Amino acid sequence: MDHEGYMRQALDLAREAAECGEVPVGCVIVQGDRVVGRGRNRREEKQHTQSHAEMEAIRQANEALGSWRLDECTLYVTLEPCPMCAGAILNARIPRVYYGARDREMGACGGVLNLFMEDFPQRPALVGGILEEQCRGVLTDFFRRLRKI
């Protein structure tokens with residue numbers, strides 16, 4: 001599967017989050033050609049600050065692989081990671097990150113700052129703009145509906 005295919009899977013998770021009243025962000029983690037972690041925002045459901053899509057997917061990938069090191073994995077997420085999630089990505093040693101929409105309010109991959117440009121021992125390769133319009137559209141539609149309520 002190609003990068004857009006994995007991002008489409010993340011978009012499905014983002015839409016699922018929106019249906020549950022969560023900010024629509026989805027994430028998949030891939031090792032080789034196998035998805036080892038999936039996550040979507042669950043902060044409202046769980047009332048946990050850490051229940052971001054990336055954190056949920058990283059936790060699932062850790063369990064699936066039996067390791068905290070995800071150094072042979074690639075992460076796909078519909079929205080640019082925040083500082084907390086960027087820190088988890090760094091700590092998990094994930095070498096490649098693909099994201100959809102830029103986050104100019106909380107983004108830690110260039111939207112506000114870029115933690116991956118700092119002098120950490122392992123820094124992931126970063127590619128933004130994968131299915132950007134679709135990723136942004138899911139967020140725009142969610143917040144538009146929220147404001148009408």
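Keep in mind the model is a prediction, meaning the values are calculated, not measured.
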Heavy-atom nearest pair, V23 first then A17, reads O-CB, 3.9 Å
Treating R102 as the side-chain partner and G129 as the backbone partner, does any N or O pair qualify as donor plus acceptor under 3.5 Å?
no
Side chains of L13 and E16: closer than 4.5 Å at any heavy-atom pair?
yes
Exercise answer: donor-acceptor pairs, residues 69-76 side-chain atoms, under 3.5 Å, sequence neighbours excluded:
residue: T74; atom: OG1; partner: R96; partner atom: NE; Å: 2.9
residue: T74; atom: OG1; partner: R96; partner atom: NH2; Å: 3.1
residue: Y76; atom: OH; partner: H3; partner atom: ND1; Å: 2.7

Any non-hydrogen side-chain atom of F116 less than 4.5 Å from a side-chain atom of L90?
yes
E4 to L131 - nearest heavy-atom pair and separation
O-CD1, 3.6 Å
Taking F120 as the starting point, is it possible to reach I58 by hopping between hydrophobic residues whose side chains are less than 4.5 Å apart?
yes
Indicate yes or no: at least one non-hydrogen side-chain atom of D12 is less than 4.5 angstrom from one of R8.
no
Any sub-3.5 Å donor-acceptor pair from Q50's side-chain atoms to M55's backbone N or O?
no
For the CG atom on D2, are there more than 12 heavy atoms of other groups (residues, nucleotides or ligands in this structure) within a distance under 6.0 Å?
yes
Got V25 and H52 here, is their nearest side-chain heavy-atom distance under 4.5 Å?
no
Looking only at heavy atoms, the pair that brings G21 and F142 closest together is O-CZ, 3.9 Å
For atom CD of Q47, is the number of surrounding heavy atoms from other residues, nucleotides or ligands below 6.0 Å larger than 12?
yes
Side-chain heavy atoms under 4.5 angstrom apart, residues restricted to Ile, Leu, Val, Met, Phe, Trp, Tyr: same cluster for L146 and L139?
yes
Could you check whether any side-chain N or O of E54 sits under 3.5 Å from a backbone N or O of A86, counting only pairs where one atom can act as donor and the other as acceptor?
no
Please determine whether a side-chain nitrogen of the Lys or Arg among K46 and E56 lies less than 4.0 Å from a carboxylate oxygen of the Asp or Glu.
yes
Can you hop from L79 to M7 via hydrophobic side chains spaced under 4.5 Å?
no
Quick check: does any side chain N or O of R123 sit under 3.5 Å from a backbone N or O of E118, one acting as donor and the other as acceptor?
yes
Would you say N41's side chain and P24's backbone share a donor-acceptor pair under 3.5 angstrom?
no
Around atom CE of M1, are there more than 12 heavy atoms from other residues, nucleotides or ligands closer than 6.0 Å?
yes
Does a side-chain N-to-carboxylate-O contact under 4.0 Å join R40 and E19?
no
Would you say I29 and I130 are hydrophobically clustered, going by side-chain heavy atoms of ILVMFWY under 4.5 Å?
no
Please answer whether the main-chain N or O of G110 pairs with a side-chain N or O of E80 as donor and acceptor at a distance below 3.5 Å.
yes
When you measure from the side chain of R93 to the backbone N and O of N91, does any donor-acceptor pair fall under 3.5 Å?
yes
Between D141 and R144, does a side chain to side chain contact (heavy atoms under 4.5 Å, CB included) hold up when you go through it step by step?
CA-CA 5 Å; D141 291 347; R144 195 173 285 143; 3.8 Å; yes
Shortest non-hydrogen pair, V112 vs M106, comes out as CG2-N, 3.8 Å
Distance check, rounded to the nearest 0.5 Å: E22 atom CD versus R42 atom CZ?
8.0 Å
Minimum-distance pair of heavy atoms, taken over all atoms of G26 and A14
N-CB, 3.6 Å
Do side-chain atoms of T78 reach the backbone of A10 as a donor and acceptor pair under 3.5 angstrom?
no
Any Lys/Arg nitrogen of R59 or E63 sitting under 4.0 Å from an Asp/Glu carboxylate oxygen of the other?
no
Before you tell me yes or no, could you show the steps for I89 and L115 under side chain to side chain contact (heavy atoms under 4.5 Å, CB included), namely the whole-Å CA-CA distance, both residues' side-chain angles and the distance that decides it to 0.1 Å?
CA-CA 10 Å; I89 290 165; L115 283 178; over 6 Å; no
If hydrophobic clusters are built from ILVMFWY residues whose side chains come within less than 4.5 Å, do V127 and V28 share one?
yes
Mind listing the closest non-hydrogen atom pair of Y6 and G32 along with its distance?
OH-O, 4.3 Å
